[in-house]
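In this chain, residues are counted from 1 in sequence order. Note that the structure is a prediction, hence the values are computed from the model and not measured.
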Amino acid sequence: MSKILRYDNGLRVGVKHIPSVRSVSIGYWAGVGSGKETEDINGLSHFTEHMMFKGTSKFSPGEIARKFDAMGIASNAFTSKELTCYYIKSIDEFVTQGFELLSDLIFDSAFSKTELDKERKVIVEEINMVEDSPEDICYDMISSAVYKNGKLGQTILGSAENVNRFQSEDIRKFMSEFYTPSNMVITMAGGITEDEADKLVRKFCLNRFVGKREVTDYEENHKIVSGYESKIKDFEQSNIAVAYPTVSIDDGRFMQQAFLSLILGGGMSSRLFQSVREEQGLAYSIYSVPTVYRHNGTLNIFVNITPKNTERVVKCLRSEIDKLVRDGITDEEFNRARIQLKTSCVFGFENPQSIMTSIAKPLLMMNKDYDLDEKIAEIESVTKQQVNEFACTFLVPDSVCAAYVGKQSGVDIMEILKR
């Protein structure tokens with residue numbers, strides 16, 4: 001179990017001390033992403049993330065990069081629909097200096113016009129790069145199909161028009177609203193104790209937050225209506241995404257969904273991999289994965305194929321799902337999934353960076369600690385009947401959503417999935 005440090009201003013810090021390792025992973029996590037943005041600022045979470053590494057009042061972007069490299073520190077950041085994370089991984093010798101520099105990025109970034117104008121070009125190139133990646137386009141389009149007209153349906157990168165319009169005052173206003181102590185957590189894992197973590201927090205960040213107000217909650221449960229999105233473009237391969245609305249991150253059936261996803265398309269022994277790839281040779285990549293948010297969730301299937309195989313693959317997907325719902329899962333599949341889930345949890349909890357991430361999400365989104373033994377007990381508590389009931393409840397044609405990216409196929413994908 002990790003130790004949660006709670007401070008009067010609302011900041012929470014999760015610490016997992018691992019005496020046997022000499023490295024430390026540390027992350028600042030803000031509870032904001034594209035799912036919290038209005039249309040006119042869509043992309044600002046991601047833009048802010050980029051600008052954090054582009055200079056402070058003391059250091060230029062090049063100096064920041066050289067300082068991290070001189071300490072052998074791996075530094076990076078990412079933005080998702082509901083989270084933004086800035087993290088470092090350091091050997092214990094340089095943890096203090098590394099955390100000080102990371103904190104300076106969060107609290108003392110300059111957001112100069114020169115760097116803004118350079119970085120917006122970089123992000124526009126990133127947006128253009130997505131347009132050449134059918135898989136990335138498909139990820140965005142399935143979100144749009146599921147959360148049509150909702151914030152979670154927006155892209156993380158935003159539009160080029162928005163990116164070209166953002167200014168430093170937009171970032172500062174955005175941070176004052178969302179980078180508040182009650183809407184952020186810090187997580188640390190590895191060769192660091194709770195007392196050492198507390199000293200770092202008090203010295204380098206605790207009193208540097210601008211706002212204290214509570215952040216309004218994320219978009220409430222978005223009512224999902226079966227939707228379809230497509231983009232016809234001359235790619236060599238086509239990508240198909242299928243999504244079934246399911247449960248949110250704090251729903252008690254979350255683990256049942258994990259079982260189902262593994263059995264359906266979570267590995268080489270899964271039903272979809274065996275049927276679509278191994279037995280029929282129709283696809284190189286096919287898999288299922290759950291996506292969970294604070295108030296929403298989906299079970300997704302992704303497959304990339306030759307366009308001429310579209311109809312056969314979609315019919316195969318529908319057949320396998322119907323069979324699973326009708327006949328249920330086998331004892332062998334259930335036991336295999338249980339072992340896979342336990343193994344994944346244990347493997348992840350032996351890596352400081354994975355632990356740092358595992359602590360952060362439940363702490364920020366549910367105000368809960370992550371405990372490995374509790375997680376394994378939760379896995380053990382799931383029954384085969386529960387997994388079958390979950391499949392019958394959520395894998396229903398009336399709610400299915402889909403997206404297609406690639407050459408014109410002439411196939412009515414939704415007609416196959418819903419009939």
Side-chain angles (χ1 to χ4, degrees), residues 138-139 141-143 145-146 224-230 238-247 251 253-292 296-305 309-334 336-338 340-341 382-405 409 411-419:
C138 201
Y139 286 145
M141 295 193 76
I142 192 62
S143 292
V146 173
I224 298 169
V225 179
S226 180
Y228 177 73
E229 298 280 344
S230 67
S238 296
N239 279 255
I240 300 171
V242 177
Y244 292 89
T246 54
V247 296
D251 190 287
R253 296 165 293 180
F254 172 80
M255 192 58 69
Q256 298 167 26
Q257 176 173 241
F259 272 79
L260 180 61
S261 180
L262 274 175
I263 293 166
L264 183 62
M268 293 177 65
S269 64
S270 67
R271 293 193 179 194
L272 291 178
F273 191 93
Q274 285 295 312
S275 176
V276 175
R277 174 172 163 157
E278 298 296 279
E279 295 173 11
Q280 301 182 67
L282 294 175
Y284 173 75
S285 173
I286 181 166
Y287 60 94
S288 63
V289 60
T291 301
V292 289
N296 301 270
T298 53
L299 179 57
N300 315 291
I301 301 166
F302 295 98
V303 56
N304 65 303
I305 56 171
N309 290 332
T310 299
E311 184 172 7
R312 290 180 63 192
V313 168
V314 177
K315 286 183 175 178
C316 184
L317 295 182
R318 176 63 193 271
S319 174
E320 289 297 330
I321 291 168
D322 286 349
K323 189 185 340 179
L324 191 152
V325 171
R326 182 183 65 247
D327 302 332
I329 63 174
T330 67
D331 290 338
E332 180 185 355
E333 288 174 321
F334 175 75
R336 188 167 60 233
R338 181 175 57 193
Q340 285 178 287
L341 287 168
V382 174
T383 66
K384 176 184 168 185
Q385 180 181 349
Q386 288 175 329
V387 178
N388 285 329
E389 289 174 351
F390 188 97
C392 292
T393 300
F394 293 105
L395 298 185
V396 293
D398 286 347
S399 66
V400 69
C401 301
Y404 174 86
V405 178
S409 70
V411 177
D412 189 337
I413 292 174
M414 290 298 281
E415 196 275 332
I416 296 172
L417 292 173
K418 293 177 72 70
R419 68 186 178 198

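Counting heavy atoms from C-beta on, the side chains of Val303 and Tyr287 never come closer than 4.5 Å. Under the 4.5 Å side-chain criterion, counting only non-hydrogen atoms from C-beta, Tyr404 is in contact with Ser409.
Taking each heavy atom of Ser269 and Arg336 in turn, the nearest pair found is OG-NE, 3.1 Å. The two atoms that bring Ala243 and Pro245 nearest to each other are O-CD, 3.9 Å, heavy atoms only. Between Arg253 and Val247, the closest heavy-atom pair is NH2-CG1, 3.8 Å. Considering every non-hydrogen atom in both Tyr284 and Arg277, the closest pair reads O-NH1, 2.9 Å. Counting all heavy atoms, side chain and backbone alike, Cys392 lies closest to Val396 at O-CG1, 3.5 Å. In this structure, Cys401 and Ala145 approach most closely via the heavy-atom pair SG-O, 4.0 Å.
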Exercise for the section: Begin with the C-alpha distance, continue with both residues' side-chain angles, and end with the deciding distance and a verdict on side-chain contact (heavy atoms from CB on, under 4.5 Å) for Met255 and Leu341. Expected result: CA-CA 9 Å; Met255 192 58 69; Leu341 287 168; 4.2 Å; yes
Practice task
Carefully, step by step, assess Gln257 and Leu260 under the rule side-chain contact (heavy atoms from CB on, under 4.5 Å).
Solution key: CA-CA 5 Å; Gln257 176 173 241; Leu260 180 61; 5.5 Å; no
Handout entry: Residues Phe334, Phe259; criterion ring pair (Phe, Tyr, Trp, His ring centres under 6.0 Å); working and verdict
Key = CA-CA 7 Å; Phe334 175 75; Phe259 272 79; 5.1 Å; yes
Exercise for the section: Please lay out, stage by stage, how Val242 and Val400 fare under the test side-chain contact (heavy atoms from CB on, under 4.5 Å). Expected result: CA-CA 7 Å; Val242 177; Val400 69; 3.5 Å; yes
Practice task
Give the C-alpha distance, both sets of side-chain angles, the deciding distance and a yes or no for side-chain contact (heavy atoms from CB on, under 4.5 Å) between Val382 and Arg338.
Solution key: CA-CA 9 Å; Val382 174; Arg338 181 175 57 193; over 6 Å; no
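In terms of modelled atom types and a separation under 3.5 Å, the side chain of Glu320 and the main chain of Leu317 share no donor-acceptor contact. With hydrogens and angles disregarded, a donor-acceptor distance shorter than 3.5 Å links the side chain of Arg318 to the backbone of Arg419. Under the 3.5 Å distance criterion, the side-chain polar atoms of Ser288 are matched with a main-chain donor or acceptor of Ser261. The closest donor-acceptor contact from the side chain of Gln274 to the backbone of Met268 lies under 3.5 Å. Although no hydrogens or angles enter the test, the distance criterion places no donor-acceptor pair under 3.5 Å between the side chain of Glu415 and the main chain of Asp412.
Between the CD atom in Glu311 and the SG atom in Cys316 there is a gap of 12.5 Å [rounded to 0.5 Å]. Atoms CD and CG, from Gln340 and Leu262 in turn, are 5.0 Å apart once rounded to the nearest 0.5 Å. Distance CG/Leu299 to OH/Tyr244: 9.0 Å, rounded to 0.5 Å. One finds the CD atom of Glu278 at 12.5 Å from the CG atom of Leu272 (value rounded to the nearest 0.5 Å). In this structure, CD1 on Ile321 lies 6.0 Å from CG on Leu264, to the nearest 0.5 angstrom. The distance from the NZ atom of Lys384 to the CD atom of Glu389 is 12.5 Å, given to the nearest 0.5 Å.
For the side chain to side chain contact (heavy atoms under 4.5 Å, CB included) with Phe302, the qualifying choice from Val289, Ile240, Ile286, Asn239 is Val289, the only one to do so.
Within a 6.0 Å radius of CD in Glu332, other residues, nucleotides and ligands contribute 12 heavy atoms or fewer.
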